[in-house]
Visitor: 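Right, I'll just put the structure down here and ask away after.
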There are 2 protein chains.
Amino acid sequence: MTINTIPLQHALKHNHNECVSEAMATAEHLCMERGVQLTPIRHKVLELIWESHKAVKAYELLDRLKPLQKAAKPATIYRALDFLIDQGLIHRVESLNAFVGCRCSSYQHEQLLLICKHCEEVEERSAKEVMSALSEDTQKAGFTIHSKAIEIHGICKNCQNLTIDQNQSVIL
Amino acid sequence: MTINTIPLQHALKHNHNECVSEAMATAEHLCMERGVQLTPIRHKVLELIWESHKAVKAYELLDRLKPLQKAAKPATIYRALDFLIDQGLIHRVESLNAFVGCRCSSYQHEQLLLICKHCEEVEERSAKEVMSALSEDTQKAGFTIHSKAIEIHGICKNCQNLTIDQNQSVIL
DNA sequence: TGTTAAATGCTATATTATAAATTCTGCTCT
DNA sequence: AGAGCAGAATTTATAATATAGCATTTAACA
Ligand SMILES: [Zn+2]
Ligand SMILES: [Zn+2]
Ligand SMILES: [Zn+2]
Ligand SMILES: [Zn+2]
């Protein structure tokens, strides 16, 4: 019995094509509606981000974009990322300097991010109770919120089950 | 009546010397107790961080340390910062790539950070209700927490009052 | 005092991000 | 059609943040 040390892809356990096609359809629809351009570069960058549920680094995106877009430079990626963030189609993960697709870009939302140290996947949660507790506490402090970055690092459900499955070989 | 555009220092409104001396005394005491060395460099870096309640950048610290420590290089600062973070004497503000003194390093704590866009000061809050709501939500998700970065950006109480004081010249 | 581990010095480089000027591209107005 | 315009992309350069690896110094302590 060997311990699985291959980079995990829980995405393989679900139909990730659905995630991608849904995300791209939503993006196309929202941009159309808003009269902003989801240009080929922006579209491609969004697809690259959606290749997995992991947060992805700007320069990693650049490397992956280059074969398709010979002229791609850092500014190419960062301008695309700025656009996608402005449109709420992706989130920036501050504590990783990385970017992840947003699953609920079609409506206004606040979210917290659960970031797995093991598989590196990021799960977005609306956590209403957390947000209202937060509103209350900041109000007490007389503080007016403009934006939030709530990023929780740890081990996700899938990874926990995985280590239990593997004969108690817990190496986390 | 002119609008105050000078960088704000709410620290001037309280006896900040007390903040500093308390923080340094606590640091010295904790390091002693733990058998770790608060070396002159580490001590100085901590003092530099405590010059205000703003989050301060690593290279800004470096510039301020150089006159006192001619050999100071990036690694000098980053090593001191690593030590101070390990000892819980400062916090890293992920969304700013900056560092701020911790006011409650003497006991275990979780905190959220209120970061003012106007005066740039950072207030640390324990926000028990937020933390327990968070525990509950992550538990639901089957996620095991290792660490948290909860960073709220907005306008602090002092800055709000300030703009009200100034004849409704609210420019935020 | 000799040994050792921690801390610092030193040099180089990796990684992340932005600035500024120019060119391209698609659109509108005449 | 052609001038004018605005958004997007290119290009070049550089700023800002952070780490690696190895040499040297310092401090703890047996
Ligand atoms: Zn998926
Ligand atoms: Zn995981
Ligand atoms: Zn103070
Ligand atoms: Zn303020």
Side-chain angles (χ1 to χ4, degrees), chain A residues 27-28 30-32 34-49 54-87 89-100 120 149 151, chain B residues 27-28 30-46 48-49 54-87 89-100 120 149 151:
Chain A
E28 286 159 16
L30 284 177
C31 289
M32 186 73 75
R34 293 169 182 169
V36 296
Q37 300 177 54
L38 189 61
T39 64
I41 289 177
R42 290 163 178 178
H43 192 276
K44 191 65 211 175
V45 170
L46 185 56
E47 279 181 338
L48 290 172
I49 290 172
K54 298 183 185 188
V56 57
K57 302 264 185 180
Y59 278 74
E60 192 184 326
L61 288 171
L62 179 55
D63 288 341
R64 294 208 245 139
L65 181 62
K66 271 178 180 163
L68 306 155
Q69 187 73 19
K70 297 291 163 66
K73 298 279 182 320
T76 314
I77 288 293
Y78 280 104
R79 275 187 295 103
L81 291 171
D82 285 347
F83 171 87
L84 296 170
I85 289 169
D86 285 347
Q87 297 302 321
L89 301 172
I90 63 172
H91 297 300
R92 181 182 158 87
V93 185
E94 300 290 351
S95 52
L96 296 176
N97 296 329
F99 305 86
V100 70
E120 298 172 32
E151 305 181 357
Chain B
E28 286 159 16
L30 284 177
C31 289
M32 187 73 76
E33 206 172 56
R34 293 169 183 169
V36 296
Q37 299 179 55
L38 188 61
T39 63
I41 289 177
R42 292 163 177 178
H43 192 277
K44 191 66 211 173
V45 170
L46 185 56
L48 289 173
I49 289 172
K54 299 183 186 189
V56 57
K57 302 265 183 177
Y59 278 75
E60 191 184 325
L61 287 171
L62 179 54
D63 288 341
R64 295 207 243 139
L65 181 62
K66 271 178 179 162
L68 307 154
Q69 187 74 17
K70 297 293 164 69
K73 297 279 183 318
T76 314
I77 289 292
Y78 281 103
R79 280 198 289 233
L81 291 171
D82 284 347
F83 171 85
L84 296 170
I85 289 169
D86 284 348
Q87 297 302 321
L89 301 172
I90 64 172
H91 297 300
R92 181 181 158 86
V93 185
E94 300 289 351
S95 52
L96 296 176
N97 296 329
F99 305 85
V100 70
E120 299 171 31
E151 306 181 358

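To find a chain, count down the sequence lines: A is the first, B the second, and so on, and within it residues start at 1.
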Visitor: Any side-chain heavy atom of I41(A) within less than 4.5 Å of one from I77(A)?
Guide: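 No. Closest side-chain heavy atoms not under 4.5 Å.
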Visitor: What is the separation between atom NZ on K73(B) and atom C1' on dA16(D), rounded to the nearest whole Å?
Guide: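 Atom NZ in K73(B) sits about 18 Å away from atom C1' in dA16(D).
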Visitor: Taking only the side-chain nitrogens and oxygens of K57(B), find out if one of them lies under 4.0 Å from OP1 or OP2 of dT17(D).
Guide: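 K57(B) to dT17(D) OP1/OP2: side-chain N or O found under 4.0 Å.
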Visitor: Measure from CG on D86(B) to P on dA6(C) and round the result to the nearest Å.
Guide: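 Roughly 13 Å, once rounded to whole Å.
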Visitor: Which residue pairs pass the side-chain hydrogen bond (donor to acceptor under 3.5 Å, both in side chains) test with at least one member in residues 73-87 of chain B, sequence neighbours excluded?
Guide: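 For residues 73-87 of chain B: R34(B)-Q87(B).
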Visitor: Rounded to the Å, how far apart are I85(A) CD1 and dA17(C) C1'?
Guide: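 Spelled out: CD1 on I85(A) to C1' on dA17(C) is 12 Å.
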Visitor: Base, sugar-phosphate alone, or nothing: which one does Q69(B) contact when heavy atoms must sit under 4.0 Å apart?
Guide: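 Answer is sugar-phosphate: Q69(B) comes under 4.0 Å of backbone atoms only.
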Visitor: For E47(A), which residues count as a salt bridge (Lys or Arg N to Asp or Glu O under 4.0 Å) partner, sequence neighbours excluded?
Guide: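 Result, salt bridge (Lys or Arg N to Asp or Glu O under 4.0 Å) vs E47(A): K44(A).
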Visitor: Got a sec? Which of residues 89-97 of chain B come in under 4.0 Å of DNA chain D, heavy atoms?
Guide: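 The stretch gives R92(B), N97(B) as the residues lying under 4.0 Å from the strand, ordered by number.
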Visitor: Please tell me which of A72(A) and F99(B) maps to the more 5' nucleotide of DNA chain D, matching each residue to the nucleotide holding its nearest heavy atom.
Guide: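 Closest to the 5' end, via its nearest nucleotide, is A72(A).
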Visitor: Measure NZ/K70(B) against P/dC10(C) and give the value in whole Å, please.
Guide: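 Taking atom P of dC10(C) as the reference, NZ of K70(B) is at 13 Å.
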Visitor: Does R92(B) reach the side chain of N97(B), with side-chain heavy atoms less than 4.5 Å apart?
Guide: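 Yes, side chains in contact.
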Visitor: Using whole Å, what does the distance between atom P of nucleotide dA14(C) and atom CG of D63(A) come to?
Guide: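 That distance rounds to 14 Å.
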Visitor: Take nucleotides 19-30 of chain D nucleotide by nucleotide from the 5' end and write B, S or -, depending on whether a protein heavy atom sits under 4.0 Å from the base, only from the sugar-phosphate, or from neither.
Guide: B-----------
Visitor: Using atom CG of L38(B) as one end and atom P of dA6(C) as the other, report the distance to the nearest whole Å.
Guide: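 Value for this atom pair: 17 Å.
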Visitor: Can you tell me if T39(B) touches the phosphate of dT8(C), counting only side-chain N or O atoms and a distance under 4.0 Å to OP1 or OP2?
Guide: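 Affirmative; the distance criterion is met.
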Visitor: Rounded off to whole Å, could you give me the NZ-to-P distance for the K44(B) and dT8(C) pair?
Guide: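 My rounded result for the distance is 15 Å.
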Visitor: Should I49(B) and L81(B) count as side-chain neighbours, where that means a heavy-atom distance under 4.5 Å?
Guide: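 In contact.
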Visitor: I'd like to check V45(B) versus F83(B) (side-chain heavy atoms, cut-off strictly below 4.5 Å). Are they in contact?
Guide: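 SC-SC contact between V45(B) and F83(B) ruled out.
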Visitor: L62(A) CG to dA17(C) C1': how many Å, rounded?
Guide: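 Going from L62(A) (CG) to dA17(C) (C1'), I get 12 Å.
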Visitor: Output side-chain donor-acceptor pairs under 3.5 Å for residues 56-68 of chain A, partner residues at least two apart or in another chain, one line each.
Guide:
residue: K57(A); atom: NZ; partner: L96(A); partner atom: O; Å: 2.8
residue: E60(A); atom: OE2; partner: R64(A); partner atom: NH2; Å: 3.4
residue: R64(A); atom: NH1; partner: L48(A); partner atom: O; Å: 3.2
residue: R64(A); atom: NH1; partner: E51(A); partner atom: OE1; Å: 2.6

Visitor: Any side-chain heavy-atom pair from E151(B) and E151(A) closer than 4.5 angstrom?
Guide: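 Not touching, per the 4.5 Å side-chain cut-off.
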Visitor: Partners of R42(B) by side chain to side chain donor-acceptor pair (under 3.5 Å), sequence neighbours excluded?
Guide: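 With sequence neighbours excluded, R42(B) shows a side chain to side chain donor-acceptor pair (under 3.5 Å) to no residue whatsoever.
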